[in-house]
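Model, not experiment: these values are computed from the prediction. What's counted below: heavy atoms across the whole structure, side chains too, no hydrogens, waters or symmetry copies.
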Amino acid sequence: MLDAQRLDDRPPDGFLRIDFDRGRPDPTFNSHVGNLYAKRGEKGTRDEFVLGFRVHRHMCNPADGLHGGMMMTVADLVGTMGGGTLVGLRKFLPTVSMTFDFVAPAKVGDWVEGRAEVVRQTRSLLFTNIYLTVGEEKFLRASQIAKIPSGDGLAFGKARLDRGEAGSSPSPPR
């Protein structure tokens, strides 16, 4: 279903599908929620790391709005992947704490983008604010604290961008 769904996603130019499973025989949680895409922009800009996806019916609640659990999952990924990218960390960052403010609903067919901004980085913690938007409208605000593992930790390179998608080919998330 997710491969067929990819045809309906119509990601904007520059977005490439994230392959979270990378050849594993059993899909992980991230692959079950739907196709997620990322693009990399110029360092130091708000587009340095952007995660995006098209809202499909299976992601919605009975009121036809994007399910809060989907919003929280995506915000968590934006905080750890995007925040880690912004500070140059190439390792898995486990979430310690998150808060969410649900501002408005997203609907089926909307293209959602998520961006992180780093609030502070210490030796062992990364603090980020995350926003999910449709166009310029913010519909979710989140705050996250992620643990920065000591040593090498689990390399973030486990997820990769699927180069088979149309559009430009930014570097994979770091």
Side-chain angles (χ1 to χ4, degrees), residues 11-12 14-22 28-53 55 59 65-106 110-161 168-174:
F15 280 91
L16 300 174
R17 191 180 69 82
I18 303 170
D19 179 8
F20 288 102
D21 297 327
R22 200 169 186 186
T28 59
F29 177 80
N30 293 343
S31 295
H32 285 288
V33 297
N35 290 318
L36 300 177
Y37 299 83
K39 80 171 183 177
R40 296 288 305 272
E42 187 176 331
K43 186 153 184 62
T45 69
R46 73 183 288 269
D47 290 338
E48 185 174 344
F49 178 90
V50 184
L51 191 139
F53 68 98
V55 177
M59 300 171 179
L66 183 62
H67 193 282
M70 181 68 179
M71 290 186 227
M72 293 187 310
T73 295
V74 170
D76 183 42
L77 291 168
V78 170
T80 55
M81 292 172 71
T85 296
L86 296 177
V87 298
L89 293 172
R90 295 188 58 135
K91 53 177 82 175
F92 177 76
L93 305 175
T95 302
V96 174
S97 175
M98 267 189 105
T99 61
F100 303 90
D101 297 310
F102 302 93
V103 179
D110 286 345
W111 176 258
V112 172
E113 293 185 357
R115 290 174 176 81
E117 64 182 30
V118 174
V119 175
R120 182 166 189 229
Q121 178 184 0
T122 68
R123 184 176 47 77
S124 61
L125 297 172
L126 180 63
F127 297 81
T128 57
N129 285 327
I130 298 109
Y131 298 95
L132 298 186
T133 60
V134 173
E136 295 299 314
E137 183 181 345
K138 293 176 181 171
F139 69 91
L140 178 122
R141 176 182 63 187
S143 176
Q144 180 186 66
I145 303 169
K147 173 83 172 131
I148 300 172
S150 59
D152 289 339
L154 177 63
F156 180 63
K158 295 290 183 192
R160 67 177 171 86
L161 297 180
S168 66
S169 299
S171 301
R174 298 180 247 218

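Taken from NZ in Lys91 to CD1 in Ile148, the straight-line distance is 7.5 Å, to the nearest 0.5 Å. From Leu36, atom CG reaches atom CG of Leu77 across 6.5 Å, with rounding to the nearest 0.5 Å. The CZ atom of Phe53 sits 6.0 Å away from the CE atom of Met59 when rounded to the nearest 0.5 Å. With rounding to the nearest 0.5 angstrom, the CG atom of Asp19 is 10.0 Å from the CG atom of Asn35.
Within the structure, salt bridge (charged side-chain N to carboxylate O under 4.0 Å, His left out) pairs that include any residue of residues 135-148 comprise Asp101-Arg141 (at least two apart or interchain).
No side-chain heavy atom of His32 sits less than 4.5 Å from a side-chain heavy atom of Phe20. Between Ser143 and Ser97 the shortest side-chain heavy-atom distance does not fall below 4.5 Å. The closest side-chain heavy-atom distance from Thr73 to Phe29 is below 4.5 Å. With a 4.5 Å cut-off on side-chain heavy atoms, Phe102 and Met71 count as touching.
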Can I get a per-line list of side-chain donor-acceptor pairs under 3.5 Å for residues 126-133, giving both atom names and the distance, sequence neighbours left out?
| residue | atom | partner | partner atom | Å |
| --- | --- | --- | --- | --- |
| Asn129 | ND2 | Glu117 | OE2 | 3.3 |
| Thr133 | OG1 | Glu113 | O | 3.4 |

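Pairing each heavy atom of Gly83 with each of Val118, the nearest pair is O-CG2, 4.1 Å. Shown here for Leu86 and Ala116, the closest heavy-atom pair between the two residues is CD1-O, 3.2 Å. Nearest heavy-atom pair, Leu89 versus Leu93, reported as atom, atom and distance to 0.1 Å: CD1-CD2, 4.0 Å. Scanning both residues, Met98 and Ala142, for their nearest heavy atoms gives CE-CB, 4.0 Å.
The side-chain contact (heavy atoms from CB on, under 4.5 Å) search around Asp110 returns Val55, Ala106, Lys107, Val134, not counting sequence neighbours. With sequence neighbours excluded, the residues satisfying side-chain hydrogen bond (donor to acceptor under 3.5 Å, both in side chains) with Asp76 are Thr95, Gln144. The salt bridge (Lys or Arg N to Asp or Glu O under 4.0 Å) test applied to Glu48 returns Lys43, not counting sequence neighbours.
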Could you walk me through whether Phe49 and Arg115 satisfy the side-chain contact (heavy atoms from CB on, under 4.5 Å) test, starting with their C-alpha distance in whole Å, then the side-chain angles of each, then the deciding distance to 0.1 Å, before giving a yes or no? CA-CA 7 Å; Phe49 178 90; Arg115 290 174 176 81; over 6 Å; no
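Relative orientation of the Phe15 and Trp111 rings is perpendicular, given thresholds of 30° and 60° on the angle between their planes.
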